[in-house]
Structure formats: structure tokens, C-alpha cells
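Positions are given from 1, in the same order as the sequence printed here. Computed from heavy atoms alone, side chains included, the values below leave out hydrogens, waters and symmetry copies.
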Amino acid sequence: MSKLTGTNMDVVLLLASFHTAEGLSGAGEARVKQAAAILRADAASKVIITGGELAYGGTGTHHALVADALNREGIGHDRILARLDKAAHTADEAFDSFELLKQVAYDSLIVVTSFVHYPRAPFVFAHFHDLTRLRFVLAPDASAKDVTLFNYLHEFEAYQEDRRRGGIVLRDGTFVPTTFTYDEFTELLRHRILIKMAGMRDYEMPESREINLFA
């Protein structure tokens, strides 16, 4: 890809979830709707979609399902900047988008995912991207509250494991150490994350408001 020049734009990165033989999950659909709303509000913005063949059904690649879902929301395929079809995990999506965006003039990277991905997704992406240009939009999950809480705690445990490890492991086994500071990460969490689900804090562990998320 040749370097895009001219007026800088916002790039929306729509993280993959999972799909079944019936199509995208409720969480996946919620992410698509949120990404589409951002793209409709800014005609100059572009979207990166992710996900290859997944093991949950015979409906083809995840990125193709997402592209079709975006199209139903009024976002044409011409708005798709790239498809990260090799990315299967959050670390892949963070690294592959970082490599891609080296060739793109952009103002902000707006990562759209589910709120159960907090704070793990911001932590992973902070290992690769310029924190001052990172934004996160956390979409609601269609699961029942007990399922949502289970998924949140699962993600939080994975986040804690990354913290204990002191970095992120890529798909090829490459270890990327944590180099950003507590203050930089806190700034990202406090000021560059938009929660789209009322009552999101009700799903967090009771002590999560007080604990040091970087410790």
C-alpha cells in the first residue's frame, strides 16, 4: 500500500468476535452497529475489519460477514481501508493494524470492541500504537448479565496475566515488553474511552474502581 497523503482521517478498527453458522454473534452485531454510527458521522473516516476463518461455523471468513453487516448499515465496501484476515486474537489485531498504519496518514485510531474487553484491549494496543492517537468505543454485549460478567472476569484475568508477564506475546512467539508508564496508561483509560452501555460499571468487580489497574 502506498502512503496515503492529504487530509488526515480517523480510522475505525472493528475488532472481531466470533460467528456461528447463523452469522455474527450478538456482540459482533453490536460492534458493527457502533462502528457504522461512527463512520456515518464522519464521511472521511475509513474502517479496518479483521478475522479470518473461525472454528464456530461454515459461514466463511469473519471479515466478509462484517463487511456485509456494515453494508446493511449503509457503509459501503469503499469505506473499508483494509481487511486483517490473518488476525485471530487481540494481539494480532493490535500488531497487524500497527504495521498497516505505518503507511497511512491518520489522526486517531478508534478501536471498537465490546466493553468486556476493558481494560485488556487498551493494554494490548498500548504496546504498539501511539497512545495519544488511540481511542476506544466499548459497545454493549447482547449476552445475559451473568454471561457478560463471566466474560468480563475472563478478560480481566487475561489482562492480569499479561501484566504479570510484563508484555504481550504475538502469534509467532515474539515477546513485546511493556514500556509505557502507569500515568500514560491511566490517561488512556480515563480520557480516551467511550462507554456506550449504561450501567457498564455494574458489571465490574466491586473493587475495580479502587485497584491500580497497572500494578
Side-chain angles (χ1 to χ4, degrees), residues 1-4 11-20 24-25 27-28 31 35 46-67 80-106 108-114 116-138 151-182 184-185 188-189 192-193 213-215:
M1 176 186 295
S2 60
K3 189 173 183 66
L4 300 181
V11 175
V12 178
L13 174 57
L14 179 49
L15 300 193
S17 53
F18 64 91
H19 68 262
T20 68
L24 294 176
S25 66
R31 296 181 193 187
K46 298 282 188 178
V47 63
I48 299 171
I49 58 179
T50 78
E53 295 282 354
L54 300 181
Y56 297 99
T59 52
T61 60
H62 187 81
H63 67 78
L65 289 175
V66 169
I80 298 174
L81 178 65
R83 303 181 186 220
L84 306 180
D85 59 354
K86 304 300 182 186
H89 303 285
T90 306
D92 299 344
E93 294 170 314
F95 177 73
D96 290 356
S97 59
F98 168 71
E99 289 293 305
L100 170 74
L101 290 173
K102 289 178 180 178
Q103 303 300 317
V104 177
Y106 72 102
S108 296
L109 176 65
I110 305 170
V111 182
V112 177
T113 186
S114 300
V116 294
H117 231 166
Y118 169 93
R120 180 170 170 257
F123 182 75
V124 171
F125 273 79
H127 283 75
F128 305 99
H129 291 271
D130 177 357
L131 272 68
T132 66
R133 291 198 283 178
L134 265 180
R135 305 288 187 273
F136 282 83
V137 176
L138 306 180
N151 289 336
Y152 177 82
L153 294 177
H154 173 77
E155 288 288 336
F156 196 84
E157 288 173 359
Y159 161 76
Q160 291 178 313
E161 177 59 30
D162 287 338
R163 286 293 304 122
R164 286 191 291 268
R165 186 187 293 120
I168 303 299
V169 179
L170 298 177
R171 58 176 170 261
D172 64 359
T174 299
F175 178 74
V176 181
T178 302
T179 58
F180 49 89
T181 67
Y182 165 75
E184 290 170 330
F185 187 54
L188 174 65
L189 294 183
R192 298 192 179 93
I193 294 179
L213 288 172
F214 199 73

TODO: Name all residues meeting the side-chain contact (heavy atoms from CB on, under 4.5 Å) criterion together with Phe98; count only those two or more places apart in sequence or in a different chain, and write none if there are none.
DONE: Lys102, Phe128, His129

TODO: Decide yes or no for Phe136 and Phe125: does some side-chain heavy atom of the first lie under 4.5 Å from some side-chain heavy atom of the second?
DONE: yes

TODO: Write down the atom of Thr50, the atom of Ala87, and the distance for their closest heavy-atom approach.
DONE: CB-CB, 4.5 Å

TODO: Spell out, as yes or no, whether a donor-acceptor pair under 3.5 Å connects the side chain of Arg31 to the backbone of Leu14.
DONE: no

- [ ] Over all heavy atoms of both residues, which pair between Ala35 and Val12 is shortest? Give the atoms and the distance, please.
- [x] CB-CG1, 4.1 Å

- [ ] Output all residues satisfying side chain to side chain donor-acceptor pair (under 3.5 Å) with Glu184, sequence neighbours left out; order by chain, then residue number.
- [x] Thr181

Task: salt bridge (Lys or Arg N to Asp or Glu O under 4.0 Å) partners of Arg192, counting only residues at least two apart - done: none

Open item on the list: For the CZ atom of Phe95 and the CD1 atom of Ile168, what is their distance to the nearest 0.5 Å?
Closed with: 13.0 Å

Task: All ring pair (Phe, Tyr, Trp, His ring centres under 6.0 Å) counterparts of His127, not counting sequence neighbours - done: Phe123, Phe180

TODO: Check for a donor-acceptor pair, side chain of Arg133 on one end and backbone N or O of Tyr106 on the other, with a separation under 3.5 Å.
DONE: yes

Open item on the list: Restricting to side chain to side chain donor-acceptor pair (under 3.5 Å), what partner residues turn up for Thr132, sequence neighbours left out?
Closed with: Asp130

Open item on the list: Filter on salt bridge (charged side-chain N to carboxylate O under 4.0 Å, His left out), then keep only pairs touching residues 166-178, sequence neighbours left out; what's left?
Closed with: Asp92-Arg171, Asp96-Arg171

Open item on the list: Checking Ala67 now: which residues fulfil side-chain contact (heavy atoms from CB on, under 4.5 Å) with it, not counting sequence neighbours?
Closed with: Ile49, His77, Ile80, Arg83

Task: Separation of Leu15 CG from His117 NE2 (nearest 0.5 Å) - done: 6.5 Å

Task: Partner of Leu134 by side-chain contact (heavy atoms from CB on, under 4.5 Å), out of Leu13, Ile193, Val111 - done: Val111

Open item on the list: Which residue in the set Leu81, Val47, Ile110, Leu100 passes side-chain contact (heavy atoms from CB on, under 4.5 Å) when paired with Val11?
Closed with: Leu81

Open item on the list: Do Thr178 and Arg163 make a side-chain contact, defined as non-hydrogen atoms from C-beta onward lying under 4.5 Å apart?
Closed with: yes

Task: Side-chain (Glu93) to main-chain (Ala16) donor-acceptor, under 3.5 angstrom - done: yes

Open item on the list: Restricting to non-hydrogen atoms, name the atom on Pro119 and the atom on Tyr152 that form the minimum distance, rounded to 0.1 Å.
Closed with: CD-OH, 4.3 Å

- [ ] Using the side-chain contact (heavy atoms from CB on, under 4.5 Å) rule, pick out the option among Leu131, Leu189, Leu138, Thr113 that qualifies with Pro122.
- [x] Leu189

Task: Minimum heavy-atom distance Ser114-Ala27, with the two atoms named - done: OG-CB, 3.9 Å

